[in-house]
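Position 1 is the first residue of the sequence, and the numbers go up from there. All ligand and atom numbering here is 1-based and tracks the order in the structure. Remember, predicted model here, so these are calculated numbers, not experimental data.
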Amino acid sequence: MEKRPVIIDTDPGIDDALALAIALFSEELEVKLITTVAGNVSLENVTLNTLRLLQFFEKKVPVAKGAASPLIADFVDASNVHGKTGMEGYDFPEPDESLLLEEHAVNAMRRVIMESPQPVTLVPIATLTNIALLFAMYPEVKGNIKEIVMMGGSAGRGNKGVMSEFNVATDPEAAQMVFQSGLPILMAGLDVGQKALIYPQDTEEIRTMGKVGDMAYHLFKRYRGGSFQTGLKMYDSCAVAYLLCPELFTVEKTYVGVELQGSMTAGCTVVDLRGYLHREPNASVCTDIDGEKFREWFKKSMRKCI
Ligand code: BDR
Ligand code: CA
């Protein structure tokens with residue numbers, strides 16, 4: 001089976017770490033490049049975390065460092081959810097710095113996309129600054145991108161503002177550029193991620209699955225995305241789950257815009273499921289997920305890790 005080439009844009013981040021593990025150990029995906037962007041914590045920390053994860057996973061995937069701040073907005077992190085370093089709770093090995101490219105993430109993405117014999121899928125599980133810069137600087141890449149499968153936005157309420165989700169609200173202008181890119185976009189938003197829950201009994205099972213499972217267990221103890229007792233929210237794994245097991249999701253094609261100027265709602269995704277705006281659909285939005293099947297899929301995927 002030919003593997004599907006993907007580039008993952010990320011800000012590890014505890015839920016990012018799990019999404020990366022599942023993608024890197026899946027038989028169906030070829031992770032050609034990982035790019036980092038300031039988000040959950042600073043660019044330096046998320047890049048270090050990515051390199052540490054790769055060393056721990058024993059995987060050699062090139063990493064390129066991207067934007068250190070949003071296009072216009074001030075940078076505000078989510079260390080309240082992921083801990084000060086972004087991945088607290090586990091003693092990771094020292095990173096293999098040789099995996100870090102000198103190229104900027106935007107240039108590395110361009111090169112990998114243009115050189116790929118098969119169209120590449122972009123998987124942003126962080127704020128969209130790098131992807132927006134890529135399209136602004138190198139629009140020719142669009143010709144060899146299959147689709148964008150992203151975690152971000154919300155068809156419900158928010159976690160950064162009343163209506164706004166962190167990955168979109170951190171850099172709303174970038175998100176708007178991505179939704180207007182003309183490329184096929186699949187949005188797995190916050191409302192769906194809130195139903196992608198891992199319970200204590202799952203966590204105990206995962207703990208026994210090998211060193212990645214044990215690491216996950218320790219990160220989960222520190223993660224504040226949901227609660228260890230009542231369910232941890234695996235937001236970023238939803239994007240990877242969509243790639244590997246789309247039947248977990250209910251999806252609707254619709255128009256998505258980003259509110260840039262709302263005095264109370266700036267940074268929210270306006271997901272026009274009822275067609276009030278009379279605009280052509282520009283995205284496929286996950287409107288539901290089968291939580292039980294997701295848990296089974298998640299554990300099955302974790303079993304493939306070392
Ligand atoms: C998103 O924000 C980050 O904190 C998580 O890693 C996820 O990508 C959820 O809103
Ligand atoms: Ca993330």
Side-chain angles (χ1 to χ4, degrees), residues 6-24 31 34-43 45-50 53 63 66-67 70 73 75-89 105 122-131 148-172 174-175 178 186-198 216 219-220 222-227 231-243 258 267-269 271 285-286 289 298:
V6 300
I7 296 176
I8 302 181
D9 189 65
T10 182
D11 61 341
I14 293 174
D15 61 325
D16 298 73
L18 275 299
L20 285 169
I22 292 173
L24 287 162
V31 183
I34 299 174
T35 52
T36 59
V37 62
N40 284 323
V41 285
S42 71
L43 181 65
N45 271 335
V46 297
T47 307
L48 183 64
N49 291 345
T50 303
L53 285 168
V63 175
F75 174 59
V76 180
D77 72 16
S79 53
N80 58 324
V81 178
H82 301 264
K84 209 160 121 255
T85 63
M87 245 172 33
E88 261 163 59
L122 300 184
V123 189
I125 53 174
T127 193
L128 292 143
T129 319
N130 287 340
I131 313 293
I148 301 168
V149 176
M150 62 173 275
M151 189 282 133
S154 174
R157 298 175 80 87
N159 63 347
K160 177 130 196 295
V162 178
M163 306 303 286
S164 60
E165 182 280 333
F166 182 80
N167 288 344
V168 167
T170 304
D171 193 341
V178 173
L186 182 286
M187 171 181 138
L190 185 77
D191 47 326
V192 160
Q194 284 167 337
K195 297 184 196 165
L197 294 173
I198 294 298
L219 293 187
F220 285 162
R222 302 291 282 268
Y223 182 48
R224 296 288 168 267
S227 119
L232 295 166
K233 296 166 186 169
M234 294 297 107
Y235 299 118
D236 290 340
S237 291
C238 288
V240 179
Y242 181 81
L243 289 172
V258 179
C268 85
T269 41
V271 181
V285 175
C286 296
I289 183 172
F298 188 89

Show which atoms of ligand 1 fall inside a sub-4.0 Å distance from at least one heavy-atom site of [X].
X	result
E165	1 (C), 2 (O), 9 (C), 10 (O)
N159	9 (C), 10 (O)
Y235	9 (C)

I22 side chain reached by D236 side chain, heavy atoms, under 4.5 Å | no
Just wondering, do V41 and T85 contact through their side chains at under 4.5 Å, heavy atoms?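 No, too far: nothing below the 4.5 Å cut-off.
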Step-by-step side chain to side chain contact (heavy atoms under 4.5 Å, CB included) determination, C286 to L186: CA-CA 7 Å; C286 296; L186 182 286; 3.8 Å; yes
Rounded distance (nearest 0.5 Å) linking atom [atom1] of [X] with atom [atom2] of [Y]:
X	Y	atom1	atom2	answer
D11	L43	CG	CG	10.5 Å
T50	L20	OG1	CG	6.5 Å
D15	I198	CG	CD1	12.0 Å
L24	I8	CG	CD1	6.0 Å

### Query
Where the side chain of D171 meets the backbone of T127, is there a donor-acceptor pair that is under 3.5 Å apart?
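Judged by distance alone, no pair lies under 3.5 Å.
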Search all heavy atoms of [X] against all heavy atoms of [Y] and return the closest pair with its distance.
X	Y	value
P124	L122	CD-O, 3.4 Å
Y223	K233	OH-O, 2.7 Å
I125	A19	CD1-CB, 4.0 Å

field: Closest protein heavy atom to atom 6 (O) of ligand 1, given as residue, atom name and distance to 0.1 Å
entry: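 Answer, as residue, atom name and distance: D15 OD1, 2.6 Å.
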Students should be able to answer this: which protein heavy-atom is nearest to atom 8 (O) of ligand 1, and at what distance?
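The protein heavy atom lying closest is D236 OD1, 2.6 Å.
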Polar contact flag for [X] and ligand 1 (N/O pairs, less than 3.5 Å):
X	result
I125	yes
D16	yes
D11	no

Contact region, H82 to ligand 1, non-hydrogen atoms below 4.0 Å, reads side chain
### Message
Closer than 3.0 Å to the Ca ion (ligand 2), what protein N/O/S atoms do you find?
### Response
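Atoms qualifying: D11 OD1, D16 OD1, D16 OD2, I125 O, D236 OD2.
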Requested in this report: Please confirm whether N40 comes under 4.0 Å of ligand 1, counting heavy atoms of the residue only.
Outcome: yes
